[in-house]
Amino acid sequence: MLDSKLRFFLQRCVVLGQTKQVHAQLVVNGFNHLEPVLVHQTLQLTKEFSRNVVYYVKRILKGFNGLDSFSWGCLVRFLSQHRKFKETVSVYIEMHNSGVPPSSHAITSVLRACGKIENLIDGKLIHAQALKSGFCGCVYVQTGLVGLYSRLGYIEMAKRAFDDIAEKNTVSWNSLLQGYLESGNVYEARRVFDKIPEKDVVSWNLIISSYAKKGDMGNACSLFLAMPLKSPASWNILIGGYVNCREMKLARTYFDTMPQKNTVSWITMISGYTKSGDVQSAEELFKHMFKKDKLVYDAMITCYAQNGKPKDALKLFSQMLNSDIQPDEITLSSVVSANSQLGDISFGTWVESYVTEHGIKIDDLLSTSLIDLYMKGGDFAKAFKLLSNLNKKDTVSYSAMIMGCGINGMATEANRFFREMIKKKIPPNLVTFTGLLSAYSHSGLVQEGYECFKSMKDYNLEPSADHYGIMVDMLGRAGRLDEAYELIKSMPMQPNAGVWGALLLASGLHNNVEFGEIACSHCVELETDPTGYLSHLANIYTSVGRWDDARNVRDAMEEKKLRKTLACSWVET
DNA sequence: TTAGGGTTAG
């Protein structure tokens, strides 16, 4: 009687607190055989991932006297469903080490997880276990194997696993299709697609997504129009394709007409606007969203951080915390980047304590943004420690380091890091050279800077206008104005105001009227507000005693300023 | 089984 009563209560639990109450009842009455039902129910009712639930369930599992592969399987599946793939694998291993035989659910889930985190070694081990435990006749497990090998690019293995399936379902076919798409064999993929006996939405979405990723929107769109039933994912794939091609207008048209938008649709649009620098449109979408989840906040914070609005990024971050949404390492990397733009080094300490308090893992990307923060703030030791603790040092982390050296005029260190990355076969990029050149420039090492600039072509890098700007600045400061001017004339692209501005600045330092005039005229042409440049020129005239010219320039400035003020008040009224 | 959020410059 009590048994069925407890079962009844369990099945009606809607929050963790209730299952915990019933659990206490079970234990008191010695009904431990109902614990698997409790585990199942608890995980079923947990719609949003919660670490507390995992701890709670794990505690129950550890207390089992008998082996329960059902309950363990529930947990493994729960973790996989909530995209905690590393944990899925580690819990599966824990289960195995406890001597619990796997269930088909557990195997299918862990195979998916191995595929997602590209863990071939464990994937193969689990394949062997599946064989040993006799699950290789189960279509779900077999399909899981096709999925694993497909995702990891072992198409031959995937094909073999697929051929072994006696009764293939559409998921089996789709997994194979994904394998061919992953390995870039479009021809074979198309053949598989055409052979699928009952194509479902996913079959269509997979093939459309492959065209969209390549930027072949013609094919993507015509298949999209041809498909019989569209899911929100189909629309999102198409929108994502247009976003990647920077076709925001078309993306917006589909976004506006799609029948059922979900958060993925909104995030795809917001990140599209982020990349095209349209903060206003991103903001407008964000404001109109009804239910904002963590990923939406992340997308919008990144939008601010990447478009030079660090203060807005931080404001939104505190709003996020106030809404009780927990940030993770992805959120924090953007927020650290925002703080780095503001030069607030104290935020690094905050992040480090927040991370330990909330059990967030500092991964390489978050470390890199912290390296940038500490280097800009001059805490070389902390940055260096983070760099040496990285799992994988890459172009970005080294560039952040070198960039910091550049800002702080540490040419020797910049050069040391540069040589280190070359030795490790990590390719430098344009940012690396921006850092390196500015390090030489700030230290006045003209010869080294020159060599470095010339060496860019050895790494197949074409200097940008900014790199020329640094060179002009460096040569100019050293008084080599002729060389600086010659360098500008040799530029393969149109020199920007930064380049001419550097020459103007140097002309001022060395009281050179000739180059000052040339540089200033170009700056005025390129920028809407010429007052700063003109005042520089006036100072040059003054320094060589050409008072009349100085006055003429200042008069011209007054007139322009007056006109600007008039224009402003005209607009205001 | 498909679709969404991150790090270095300006």
Side-chain angles (χ1 to χ4, degrees), chain A residues 83 108 111-112 115 140 143-144 146-148 150-151 169-179 181 196 200-210 212-213 231-241 243 262-272 274 293-303 305-306 308 327-338 340-341 362-373 375-376 386 390 394-404 406-407 428-438 464-467 469-470 496-498:
Chain A
R83 312 184 66 83
T108 317
L111 285 176
R112 170 172 184 258
Y140 299 109
T143 300
V146 179
L148 172 78
S150 284
R151 195 165 257 284
N169 60 30
T170 305
V171 182
S172 327
W173 280 97
N174 290 344
S175 300
L176 185 70
L177 172 61
Q178 196 195 10
L181 291 173
I196 301 176
D200 65 0
V201 197
V202 178
S203 330
W204 285 90
N205 287 352
L206 278 168
I207 196 104
I208 293 172
S209 153
S210 81
K213 273 183 194 145
S231 68
S234 328
W235 290 84
N236 291 339
I237 290 163
L238 197 73
I239 293 170
V243 161
N262 57 23
T263 49
V264 178
S265 333
W266 294 82
I267 291 170
T268 308
M269 287 303 295
I270 291 175
S271 64
T274 299
D293 67 3
K294 194 175 79 62
L295 271 70
V296 180
Y297 271 99
D298 285 351
M300 197 60 223
I301 289 172
T302 305
C303 179
Q306 285 184 358
D328 64 5
E329 63 276 14
I330 294 181
T331 322
L332 292 176
S333 57
S334 285
V335 180
V336 169
S337 157
S340 164
Q341 289 168 43
I362 299 190
D363 65 4
D364 283 3
L365 267 76
L366 179 54
S367 292
T368 305
S369 53
L370 283 167
I371 289 173
D372 171 55
L373 178 81
M375 279 309 285
K376 279 185 184 146
L386 280 162
L390 286 176
D394 65 358
T395 305
V396 180
S397 46
Y398 268 108
S399 300
M401 210 69 203
I402 292 171
M403 202 70 218
I407 290 164
N429 64 13
L430 292 177
V431 185
T432 323
F433 276 97
T434 302
L436 207 49
L437 288 175
S438 66
S464 73
D466 292 326
H467 296 96
I470 301 170
N496 59 26

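Chain letters run A, B, ... following the sequence lines, proteins first and then strands; every chain starts at 1.
- For the pair A:Lys376 and B:dA9, the criterion of a side-chain N or O lying under 4.0 Å from OP1 or OP2 is met.
- Computed from coordinates, the A:Ile267 CD1 to B:dG4 P distance equals 10 Å when rounded to whole Å.
- In this structure, of B:dT1, B:dG4, B:dA9, it is B:dT1 that holds the atom nearest to the side chain of A:Val171.
- A:Thr268 places no side-chain N or O within 3.5 Å of a backbone atom of A:Gly240 that could act as its donor or acceptor partner.
- Side-chain contact between A:Val336 and A:Ser333 is absent, with no heavy atoms from C-beta onward closer than 4.5 Å.
- Minimum atom distance to the side chain of A:Leu365 is reached by B:dT7, of the listed B:dA9, B:dT7, B:dT2.
- In this structure, A:Leu390 atom CG and B:dT8 atom P are separated by 14 Å, rounded to whole Å.
- The interatomic distance linking A:Asn174 (CG) with B:dA3 (C1') rounds to 14 Å, in whole Å.
- Nearest heavy atoms, A:Val431 versus A:Asn429: N-OD1, 3.0 Å.
- Formation of a donor-acceptor pair under 3.5 Å by the A:Gln341 side chain with backbone atoms of A:Ala305 is found in this model.
- In the set B:dG4, B:dT8, B:dT1, the nucleotide with an atom closest to the side chain of A:Asp372 is B:dT8.
- At a cut-off of 3.5 angstrom, counting only N and O atoms as typed in the model, there is no donor on one side facing an acceptor on the other between the side-chain of A:Ser175 and the base of B:dT1.
- Residue-level contact check: A:Asp394 touches neither bases nor backbone, having no heavy atom under 4.0 Å from any strand.
- Of all nucleotides listed (B:dT7, B:dA9, B:dG4), B:dG4 comes nearest to the side chain of A:Val264.
- Distance from the side chain of A:Asn262 is smallest for B:dA3 among the nucleotides B:dT2, B:dG6, B:dA3.
- As a whole-Å value, the separation of A:Met403 CE from B:dG10 C1' is 9 Å.
- When each of A:Asp394, A:Thr434, A:Thr432 is paired with A:Ser399, the side-chain hydrogen bond (donor to acceptor under 3.5 Å, both in side chains) condition holds for A:Thr432 and for no other.
- Here the nucleotide nearest the side chain of A:Leu295, chosen from B:dT8, B:dG4, B:dG6, is B:dG4.
- Residue A:Ser203 has no polar side-chain atom (N or O) positioned under 4.0 Å from OP1 or OP2 of B:dT2.
- Distance CD1 (A:Ile371) to C1' (B:dT7): 9 Å, rounded to an integer number of Å.
- Regarding A:Leu206, its CG atom lies at a distance of 11 Å from the P atom of B:dT1, rounded to whole Å.
- Judged by atom type and distance alone, A:Ser334 does not reach the base of B:dG6 through any side-chain donor-acceptor pair under 3.5 Å.
- Proximity note for A:Val396 (side chain, C-beta onward) versus B:dA3, B:dT8, B:dT2: the nearest is B:dT8.
- No engagement by A:Ile208 is indicated, since no non-hydrogen atom pair under 4.0 Å with the nucleic acid exists.
- Distances from the side chain of A:Asp293 to the nucleotides B:dG4, B:dT1, B:dA9 place B:dG4 closest.
- One atom, CG of A:Asn236, and another, P of B:dT2, lie 14 Å apart when rounded to the nearest Å.
- Counting distance only, with no hydrogens placed and no angle test, the side-chain atoms of A:Ser271 and the base atoms of B:dG4 include no donor-acceptor pair under 3.5 Å.
- One finds no side-chain N or O of A:Arg83 lying less than 4.0 angstrom from the OP1 or OP2 phosphate oxygen of B:dA3.
- For A:Gln306 and B:dT7, the shortest distance from a side-chain N or O to OP1 or OP2 is below 4.0 Å.
- Considering only heavy atoms from C-beta on, A:Thr368 stays 4.5 Å or farther from A:Asp372 through its side chain.
- Rounded to a whole Å, the CD1 atom of A:Ile362 is 19 Å from the P atom of B:dG6.
- You'll find that the side chain of A:Thr268 is closest to B:dG4, out of B:dT7, B:dG4, B:dT1.
- Checked by distance alone, A:Asp363 brings a side-chain donor or acceptor within 3.5 Å of a matching partner on the base of B:dG6.
- With sequence neighbours left out, the salt bridge (charged side-chain N to carboxylate O under 4.0 Å, His left out) criterion links A:Asp466 to no other residue.
- Comparing B:dA3, B:dA9, B:dT7 by their nearest atom to the side chain of A:Val431 picks out B:dA9.
- The residue A:Thr434 sits close to a base: some heavy atom pair falls under 4.0 Å.
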